[in-house]
Amino acid sequence: MKPGLLLRVFALALLIVLLVAPQAFRDFFALFVRPTQPPIYTQGNLLDITLSHLMIVAIAIGLSTMVAVSLAILVTRPFGAEFLPLSRAIANVGQTFPPVAVLALAVPMLGFGTAPTLVALFLYGLLPIFENTLTGLTTLPEDVMEASRGVGMTGWQRLTQVELPLALPIILAGIRLSTVIALATATIGSTVAARTLGEVIIAGLTTGNTAFVLQGGLIVGVLAVLIYDSLSALEKWLARRTGRLTRADA
Amino acid sequence: MIEIDSIVKTYEGVPVVDAVSMTIQPHTICAVVGTSGSGKTTLLRMINRLVTPTSGTIRIDGEDIRGIRPYELRRRIGYAIQGHGLFPHWTVAQNIGAVPRLLKWSKADISARINELLELFQLDPSQYRDRFPSELSGGQQQRVGVARALAARPNILLMDEPFGALDPVIRAKAQEDLVAIQQRFGTTVVLVTHDMEEAIYLGHNIAVMDAGKLLQFAPPKQVIGRPATPFVQELIGTSERPFRLLSLSKIADHLEDGDADGDPLPATATLRDAYSELLWSGRSAAPVEKDGRLVGRVSLDALARLAARPQ
Amino acid sequence: MSVTSASPSHDRPHWLALDRLGVLITLILLSSFLLPFALFRANRILLGDGLPLLASMQPVAASVLLLALAFGVGAALLRLPALIKLAAGFGVLTILFIAMGLSAETLMPADNNYARVSPAAGFWVLVFGLALLVTDALTRLRLGPWTRIGILLGVCGAFWALLWSGLWNELSILKEYANRAPAFWNEARTHLLLAFGSVAIAAIVGIPLGILCYRVRPVRAALLNILNIVQTIPSIALFGLLIAPLAWVAANVPGAKASGISGIGVAPAVVALFAYSLLPIVSNTVVGLLGVSAPAVDAARGMGMTWLQRLVQVELPLAFPVILTGIRIVLVQNIGLTTIAALIGGGGFGVFVFQGIGQTAMDLVLLGAVPTVVLAFAAAVVLDAFVELTSRGGRRA
């Protein structure tokens, strides 16, 4: 994994320099613009925009996780079993909705700004997490579940000590999927006036400034890949710990 | 003592366990034998209330188990299943300590108990305590599974095909261990198996079930010699009967005076082993040794008499 | 498994018993009365006034709708056969959609082309509640693939009839459509071309790549990792990152510009959509081939098939449903992603979405978003049905 690690460190370093000292790349980005155009985005502090972007994603996915995991727990208990097939169908149908459409449809209800972006990210984020939590909680090895009842655990103890820990890698895979989608959708969110890295790209597209597009694209791309990569690593580590293989890539 | 009193379990009107009554004496092993779908596992799972009976009662030491909360009942009863059911995210030590922890034992007590059990099952605590189940062999996993079931010193141990997933050599060892442990702690064991040979080897009593009904409940000798129904007879295997009978006793219990030629046989071997050895070596009798001394002999004639249907 | 073994058996399946989901649906339907049913605006970008159901249409229409809704609540609450619930759900939905059209006809002032009437939150909540009823009934019916496609066609036909009849002509979204009908069909064509075209190219390239990954282990890890990274990059960033290289190609490769390649427009859109499509197709091909039962492959080898014969006659047919699932994922994903292509001048329904956002004209946003959602949904239903059809023949043989 040596070259892999090197690549990761390099990507992280590139990201930090792009955010903290974008002027260092002035000559590189100047290659892509006409002499009259500014090569470096200065209409806002890139670091601030990135933090705002990450904050929106973190809040939305945090809420999605709480709600989706709770719902999945509810429909896998005996009293909620009646809702299980329907909730599965809704999660299936819901995921055919394009995330951009969810964002666009949130605007008429909530107006412009961060709110529709947050709501769209939250709503769309629910689905993969809910679906994965369901998968995790309904495919637990049967002998282990039998044993957890056999040793005399109460329902709550079974849930917290056995079911959730064992389902955790799969739940995390859902969170990772939701996070990647949210990072991308948040970028589009700048078209509805949310403060995200999309504004750098859009500014480039509207003024024909390829350097801006490149800067925004690089930052978002590297950010997404690094976040995806760390979540995958966390998942693998957990899966190894719990002796359960991930079905993350299925 | 476990008293099962006309217990019935029906699923959608179909009886899976049909009016079964039996009393399992304390400090004995009761082997429940039957084909798949005979209701044997359901019967076992009703004892720790993993399955709720449709009607009938089960009493443990005179107490109706319906009066005990299911999870409290289960903490008092050991439970070992096929495929061991170890928690894959917990270490060996955490797995074995599961029930004591649920019972809120002190940390020190739990730790001591874990070491004691690991040593009992010939697993070096310093080496195995912190391993995860996926890092153990099949036989080791099975031993940890039984150790977990015994952790809180239950008076009763329920076992559902506990050796089903093991290969023959390891299974024989595991069966021996079980006998030794049962004798040492005096645990009452109820063991479900589809293997008549295992039932005969382990059980003080054998309960034969078919289609939800209890066909026969008796000591092995009687089940072999006086099968209650043609089905029981079939389960034992007609041509196997004499050998099964021989496998019930040790040479030590049927020693003859006198001497014979050739290598001695150990007194702890079963009569079946002796019979096999005599046929193979072409002798009509062999000397028997115990603790390094010759103590008598065993002969084909005597074995043939013992293998005949008991009167 | 823990659920099924612990779930209580319903010993009295009497139709009079309350349906728990029905209670939820009823609450949703009732809550819609707290929200406005229709929205009236003096022109397309102003904020409007929400009108309650009773104020939105003629008393006769309103009472028919209320009656229908009461009927729907009854069907939801009782434990009726799923088929009856399905019929009730579709029936009430039809009446609701007709009522919405009538409402627009009632509310639109005569000879005023600037005013707009659109469905408001209450209407959408009603649609959601009834859709739950329909979805639940469909889930319980466990319909076969052909029946599902049939129902989809039926629903599409009903919508077409509704639009063709002119009942909805006074609704805001159709006003927007009327103003730009030629552009709409133009963008629709572009959208379909981009989404389906990129999937087609990806399938042509991806399936052989998948076979290669299946046969050559070292390639597998490397290629899948790279594709994974591509898939992770947010779409607009990938669209943007392709602008510079493609502009360079257009400027420096002879003939490239003439064949339509340029930094913005269709070219980066197709390239990006293609790149996104590769991972699911390649990885599903690998997974499908790996999942072919070993005895079947062994038997094929044992009877003396060459590797090509094995591949074509045994492995690919058995892996086909999984590969098709990959194509389903990609198609649904690309129909959505194509919307974003509008930002780099690629066209498609996204043009209306982003124009609408720019002009704060929400009806225009809907004109772009609704067809995209419908398209994605229809593609999912049809391909899911195909996956089921092919796996029936292949896996159970």
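Within every chain, numbering begins at 1; the chains are lettered A, B, ... in the order of the sequence lines, protein sequences first and strands thereafter.
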Does atom CZ (B:Phe121) have a neighbourhood of more than 12 heavy atoms from anything else shown, all under 6.0 Å?
yes
Can you tell if the side chain of B:Arg45 reaches within under 4.5 Å of the side chain of A:Arg149, non-hydrogen atoms only?
yes
Counting heavy-atom pairs under 4.5 Å with chain A, which one of B:Leu158, B:Leu102, B:Leu86, B:Thr91 comes out on top?
B:Leu102
For A:Leu166 against B:Pro88, the heavy-atom pair lying closest together:
CD2-CG, 3.4 Å
Taking a cut-off of under 4.5 angstrom between non-hydrogen atoms, the residues of residues 69-79 of chain B near chain A are B:Tyr71, B:Arg74, B:Arg75, B:Ile77, B:Tyr79
Identify the two heavy atoms, one from A:Ala147 and one from B:Gly85, that lie closest to each other, and give their separation to 0.1 Å.
CB-O, 3.2 Å
So which part of B:Arg49 gets closer than 4.5 Å to some heavy atom of chain A, the side chain, the backbone, both or neither?
neither
Take atom CE of A:Met55 as the centre, draw a 6.0 Å sphere, and report whether it contains more than 12 heavy atoms from other residues, nucleotides or ligands.
no
Measuring heavy-atom distances to chain B, does A:Gln161 have an atom under 4.5 Å in its side chain, in its backbone, in both, or in neither?
both
Is atom NE2 of B:His194 surrounded by more than 12 heavy atoms (other residues, nucleotides or ligands) closer than 6.0 Å?
no
Heavy-atom closest pair (A:Glu146 atom, B:Ile81 atom, distance to 0.1 Å) is CG-CD1, 3.7 Å
